[in-house]
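Computed from a prediction, not measured in an experiment: that's the story for all the values here. We count residues from 1, following the sequence as given.
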Amino acid sequence: MQDNNEEHFKRELGLLDGTMLVVGSMIGSGIFIVSSDMVRQLGSAGWLIAMWVLTGFITVIAAVSYGELSSMFPKAGGQYVYIKEAYGKLIGFLYGWSFFAVIQTGTIAAVGVAFSKFAAYIYPPVSEKNIIFELDDFQLHAAQIVSIITIILLSYINSRGVKNSKILQTVLTVIKVASIFGLIIFGFVSAKAEVWDANWANAWTSQSMNVDTGSWLPISGVALISAMSAALVGSLFSSVAWEGVTFIAGEIKNPKRNVGLSLFLGTLIVSCIYILTNVMYLAVVPLQDIATAESDRVAVVASQNIFGNIGTLIIALMIMISTFACNNGLIMAGARVYYTMAQDGLFFKKASLLNKASVPAWALWVQCFWASALCLTGKYGDLLDFVVIIVLVFYILTIYGIFILRRKMPDAERPYKAFGYPFLPGLYIAIASAIGIALLYTKPDTCGWGVLIMLIGIPIYYLTKQKE
């Protein structure tokens with residue numbers, strides 16, 4: 001039945017569309033915000049750039065490793081399918097459950113919250129300060145309503161067919177990448193030698209900022225490892241969601257070639273953009289100002305230093321376009337996972353249906369509902385911690401799945417093989433595991449909750465299994 005249904009998807013996406021989906025889904029709000037906290041954690045230019053280089057390196061390794069899996073299973077559902085094939089239905093369900101409960105919907109909510117944060121720059125009445133309704137500890141403010149409206153609008157556009165969302169994705173991503181490159185170029189042109197020299201004077205002196213006093217404390221040993229893992233939350237969150245292109249493999253032309261190539265090109269482009277953006281920050285903003293940027297909006301400070309007062313408006317518009325395109329990609333890709341799970345009897349039955357436009361509309365709307373509910377929490381930082389720890393767990397499991405499937409299915413067709421196997425996939429597993437353990441150790445309250453939500457999926461799996 002599944003393969004017949006697979007045919008109802010229209011293969012309308014080429015290599016450019018796949019690459020634009022990877023780039024558009026990865027570049028959301030993180031690159032404009034997270035460097036501020038990373039500098040507070042590590043306190044030096046060298047360490048800041050090192051964290052972005054490390055993140056870029058492991059992201060590209062992971063993406064090219066996924067290429068082997070995407071060429072083996074070139075159908076809708078992507079990562080969910082790879083995990084299910086390697087580990088069986090329970091782990092496949094745990095991924096899908098975590099994906100729905102936290103990973104995809106939490107990311108959509110965080111990006112929606114970021115969109116409204118910057119929309120308030122242009123139109124202040126839609127800010128968090130405009131409280132519309134209050135009941136005990138719960139507050140409903142205008143920014144949350146704006147976030148939810150954008151998620152509903154994008155879900156509607158996606159429900160009308162993949163062609164509409166594809167055009168929107170490609171156009172917005174091209175604008176987004178061009179405007180970021182513009183910011184980087186203008187930043188380097190207006191770079192100040194004294195700012196650059198001061199920022200790199202003690203490039204590897206690691207220090208942590210006391211937020212209350214604004215003073216710096218030298219760190220080393222365990223404290224440095226802790227600071228590195230805390231800093232990596234930001235850069236890793238900014239570098240997730242590239243796997244979204246694997247979820248829509250059922251709609252990509254020549255998926256055995258184009259999915260893997262889209263993954264490689266997309267992650268490489270984004271990693272280079274991220275590193276260059278941070279080098280630009282260091283060329284125009286003193287380290288202290290990066291660390292103390294209001295609401296962590298380091299890109300706003302950089303833009304003001306480059307363009308003057310109009311810079312605030314320029315960056316706000318840029319980030320609104322960026323987050324809108326990012327959420328379009330996330331919303332498009334996410335629904336395909338629930339569709340494939342429902343086909344396997346592991347999600348609501350209605351999610352397995354395609355509408356007249358050949359898209360899983362019911363899956364889109366249930367995702368829309370839960371992501372909108374998460375917007376009401378409104379806490380960007382907590383959403384980041386929840387998402388990053390679970391994403392890492394499943395990236396590790398998926399890449400280890402390559403080793404398992406080489407043993408389980410030695411004769412399966414592999415049009416593309418993981419680059420640098422077994423060394424590079426093994427290196428990714430080692431680095432990502434170390435980061436995951438450090439995160440659980442240093443942020444047990446938020447990351448621990450993320451893991452707990454994932455584990456709640458085990459009893460849910462067995463309860464729903466009995467009802468089949």
Peer 1: Which word best sums up how the rings of Phe347 and Tyr338 line up, parallel for under 30°, tilted for 30 to 60°, or perpendicular for over 60°?
Peer 2: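 Judged by the thresholds at 30° and 60°, the geometry between Phe347 and Tyr338 is parallel.
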Peer 1: Is the side chain of Asp296 donor-acceptor paired with the backbone N or O of Val34 at a distance under 3.5 Å, no angle test?
Peer 2: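 Looks like no, no N/O pair under 3.5 Å.
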Peer 1: With sequence neighbours excluded, tell me which residues meet salt bridge (Lys or Arg N to Asp or Glu O under 4.0 Å) with Asp37.
Peer 2: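 Applying salt bridge (Lys or Arg N to Asp or Glu O under 4.0 Å) to Asp37 gives Arg40.
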Peer 1: Hey, can you tell me if Tyr461 and Phe93 have their rings parallel, tilted or perpendicular (30° and 60° cut-offs)?
Peer 2: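 Taking Phe93 first and then Tyr461, their aromatic rings sit tilted (interplane angle of 30° to 60°).
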Peer 1: What is the distance from atom CD1 of Ile149 to atom CZ of Phe115, rounded to the nearest 0.5 Å?
Peer 2: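 Nearest 0.5 Å value for the CD1-CZ distance: 10.0 Å.
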Peer 1: Of all the heavy-atom pairs spanning Phe394 and Ile103, show the shortest one and how long it is.
Peer 2: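 Closest approach of Phe394 to Ile103: CD1-CD1, 4.2 Å.
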Peer 1: Work out which heavy atom in Tyr339 is nearest to a heavy atom in Ser352; give both atom names and the distance.
Peer 2: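 Heavy-atom minimum between the residues: CE1-O, 3.2 Å.
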Peer 1: Do Ser44 and Gln207 come close enough that some side-chain heavy atom pair is under 4.5 Å?
Peer 2: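 Side-chain contact under 4.5 Å: no.
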Peer 1: Can you find a heavy atom in the side chain of Met26 that is under 4.5 Å from one in the side chain of Ile273?
Peer 2: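 No, side chains not in contact.
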Peer 1: Pick one: which of Val337, Leu69, Thr246, Thr340 meets side chain to side chain contact (heavy atoms under 4.5 Å, CB included) with Val81?
Peer 2: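 Among the candidates, only Thr340 passes.
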Peer 1: If I compare all heavy atoms of Gly112 with all of Asn327, which pair ends up nearest, and what's the gap?
Peer 2: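 That would be N-ND2, 3.5 Å.
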Peer 1: Quick one: CD1 on Ile145 to CD1 on Ile132, what's the gap to the nearest 0.5 Å?
Peer 2: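 It comes to 3.5 Å.
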Peer 1: Might you point out which heavy atoms bring Ile151 and Cys375 nearest each other, and give the distance in Å?
Peer 2: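 Nearest heavy atoms, Ile151 then Cys375: CD1-SG, 3.5 Å.
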Peer 1: Report the distance from atom OH of Tyr121 to atom CE of Met320, rounding to the nearest 0.5 Å.
Peer 2: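 Reported value, rounded in 0.5 Å steps: 13.0 Å.
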Peer 1: Which heavy atom of Ser322 sits nearest a heavy atom of Gly28, and at what distance?
Peer 2: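 Here Ser322 and Gly28 meet closest at OG-O, 2.7 Å.
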Peer 1: Does the side chain of Tyr421 come within less than 4.5 Å of Arg406's, by heavy atoms?
Peer 2: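 Yes - at least one pair of side-chain heavy atoms lies under 4.5 Å apart.
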Peer 1: Please check: side-chain N/O of Lys176 versus main-chain N/O of Ala325, any donor-acceptor pairing under 3.5 Å?
Peer 2: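 No; judged by distance alone, with no hydrogens or angles, the pair does not exist.
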Peer 1: Surrounding CZ of Phe369 (heavy atoms of other residues, nucleotides or ligands, distance under 6.0 Å), is the total greater than 12?
Peer 2: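 Incorrect, the count does not exceed 12.
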Peer 1: Ile435 pairs by side chain to side chain contact (heavy atoms under 4.5 Å, CB included) with which of Ile58, Ile396, Ile389?
Peer 2: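 Looking at Ile58, Ile396, Ile389, the match for Ile435 under the side chain to side chain contact (heavy atoms under 4.5 Å, CB included) is Ile58.
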Peer 1: Enter the distance from Ile399:CD1 to Tyr82:OH here, rounded to the nearest 0.5 Å.
Peer 2: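 One gets 11.5 Å once the value is rounded to the nearest 0.5 Å.
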Peer 1: Output yes when a side-chain donor or acceptor of Trp365 lies under 3.5 Å from a complementary backbone atom of Ser155, and no otherwise.
Peer 2: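 Answer holds: no.
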Peer 1: Please verify the inter-ring angle class for Tyr66 with Tyr395; under 30° counts as parallel, over 60° as perpendicular, anything in between as tilted.
Peer 2: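 Perpendicular: the ring planes of Tyr66 and Tyr395 meet at over 60°.
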Peer 1: Evaluate the ring planes of Trp196 and Trp200, with Trp represented by its six-membered ring, and classify them as parallel (under 30°), tilted (30 to 60°) or perpendicular (over 60°).
Peer 2: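 Tilted.
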Peer 1: Using modelled atom types and a 3.5 Å cut-off, is there a donor and acceptor pairing between side-chain atoms of Ser303 and backbone atoms of Gly311?
Peer 2: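 Yes; judged by distance alone, with no hydrogens or angles, the pair exists.
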Peer 1: Taking atom types as modelled, is there a side-chain donor on Thr312 or Gln304 under 3.5 Å from an acceptor on the other?
Peer 2: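 There is such a pair between these side chains.
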Peer 1: Compile the donor-acceptor pairs under 3.5 Å between side chains in residues 281-290 and protein atoms, sequence neighbours left out, one pair per line.
Peer 2:
unit_1: Tyr281; atom_1: OH; unit_2: Ile31; atom_2: O; d: 2.8
unit_1: Gln288; atom_1: OE1; unit_2: Trp216; atom_2: NE1; d: 2.8

Peer 1: As a quick check of understanding, evaluate side chain to side chain donor-acceptor pair (under 3.5 Å) for Thr267 and Thr59, giving each step before the final call.
Peer 2: CA-CA 7 Å; Thr267 52; Thr59 301; over 6 Å; no
Peer 1: Which distance, rounded to the nearest 0.5 Å, do you find between the NZ of Lys408 and the OH of Tyr87?
Peer 2: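 Answer rounded to 0.5 Å: 9.5 Å.
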Peer 1: Show your working on side chain to side chain contact (heavy atoms under 4.5 Å, CB included) between Asp197 and Glu194 and close with a plain yes or no.
Peer 2: CA-CA 5 Å; Asp197 292 343; Glu194 63 273 19; 5.9 Å; no
Peer 1: For Tyr95 and Phe247, take the angle between the two ring planes, folded into 0 to 90°, and tell me which bin it lands in: parallel under 30, tilted 30 to 60, perpendicular over 60.
Peer 2: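 Tilted.
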Peer 1: Please check if the side chain of Ser271 supplies one atom and the backbone of Leu268 the other of a donor-acceptor pair under 3.5 Å.
Peer 2: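 No, the answer is negative, given that no donor and acceptor are paired below the 3.5 Å cut-off.
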Peer 1: Would a distance-only check, ignoring hydrogens and angles, find a side-chain to backbone donor-acceptor pair under 3.5 Å from Tyr274 to Thr55?
Peer 2: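 Looks like no, no N/O pair under 3.5 Å.
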Peer 1: Step through the shown structure and confirm whether more than 12 heavy atoms of other residues, nucleotides or ligands are within 6.0 Å of CZ on Phe419.
Peer 2: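 Counting other residues, nucleotides and ligands, CZ of Phe419 stays at 12 neighbours or fewer.
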Peer 1: Nearest heavy-atom pair of Ser98 and Ile390: which atoms, and what distance?
Peer 2: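 Distance-wise, the nearest heavy atoms are CB-CG2, 3.7 Å.
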Peer 1: Report yes if the side chains of Leu364 and Cys368 come closer than 4.5 Å at any heavy-atom pair, otherwise no.
Peer 2: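 No, too far: nothing below the 4.5 Å cut-off.
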Peer 1: Checking the side chain of Asn328 only, and the main-chain atoms of Leu154 only, is there a donor and an acceptor separated by less than 3.5 Å?
Peer 2: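 No, Asn328 side chain to Leu154 backbone: no donor-acceptor pair under 3.5 Å.
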Peer 1: Do Ile33 and Phe118 come close enough that some side-chain heavy atom pair is under 4.5 Å?
Peer 2: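 Side-chain contact under 4.5 Å: yes.
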Peer 1: Find the distance between OG (Ser226) and CD (Gln41) and round it off to the nearest 0.5 Å.
Peer 2: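 The CD atom of Gln41 is 7.5 Å from OG of Ser226, to the nearest 0.5 Å.
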Peer 1: Whether the side chain of Ser206 engages the backbone of Leu42 through a donor-acceptor N/O pair (distance < 3.5 Å, no angle test) should be reported.
Peer 2: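 Looks like no, no N/O pair under 3.5 Å.
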Peer 1: Is the count of non-hydrogen atoms from other residues, nucleotides or ligands lying under 6.0 Å from Tyr400 atom OH greater than 12?
Peer 2: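 12 or below, so no.
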Peer 1: Please report the C-alpha distance between Leu439 and Leu392 in whole Å, then the side-chain angles of each, then the deciding distance to 0.1 Å, and finally whether the side chain to side chain contact (heavy atoms under 4.5 Å, CB included) criterion is met.
Peer 2: CA-CA 10 Å; Leu439 278 176; Leu392 268 182; 4.1 Å; yes
Peer 1: A side-chain contact here means heavy atoms from C-beta on lying under 4.5 Å apart; do Ile306 and Met280 qualify?
Peer 2: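 SC-SC contact between Ile306 and Met280 confirmed.
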Peer 1: Taking the side chain as every heavy atom from C-beta outward, state whether Thr277 and Trp52 have any atom pair closer than 4.5 Å.
Peer 2: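 In short, these two side chains do not touch, never coming nearer than 4.5 Å.
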Peer 1: Which is it for Trp97 and Leu346 under the side chain to side chain contact (heavy atoms under 4.5 Å, CB included) test, yes or no, and what are the steps along the way?
Peer 2: CA-CA 9 Å; Trp97 155 257; Leu346 296 177; over 6 Å; no
Peer 1: Whether the Ser29 and Thr323 side chains hold a donor-acceptor pair (N or O, under 3.5 Å, no angle test) is what I'd like checked.
Peer 2: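 Thr323 and Ser29 do not have a side-chain donor-acceptor pair below 3.5 Å.
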Peer 1: Sub-3.5 Å donor-acceptor pair from the side chain of Ser239 to the main-chain atoms of Ser235, do we have one?
Peer 2: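 At least one qualifying donor-acceptor pair exists.
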Peer 1: Is there a side-chain contact between Phe99 and Gln79 in this structure, where contact means two heavy atoms from C-beta onward sitting under 4.5 Å apart?
Peer 2: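 They are not in contact (no side-chain heavy atoms under 4.5 Å apart), so the answer is no.
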Peer 1: Ignoring hydrogens and angles, tell me if any N or O in the side chain of Trp47 forms a donor-acceptor pair with the backbone of Met228 under 3.5 Å.
Peer 2: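 The answer is no, because no donor-acceptor pair under 3.5 Å joins these two groups.
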Peer 1: Check the pair Met72, Met409 against side chain to side chain contact (heavy atoms under 4.5 Å, CB included), reporting the backbone distance first and the verdict last.
Peer 2: CA-CA 10 Å; Met72 285 176 75; Met409 304 179 180; 4.1 Å; yes
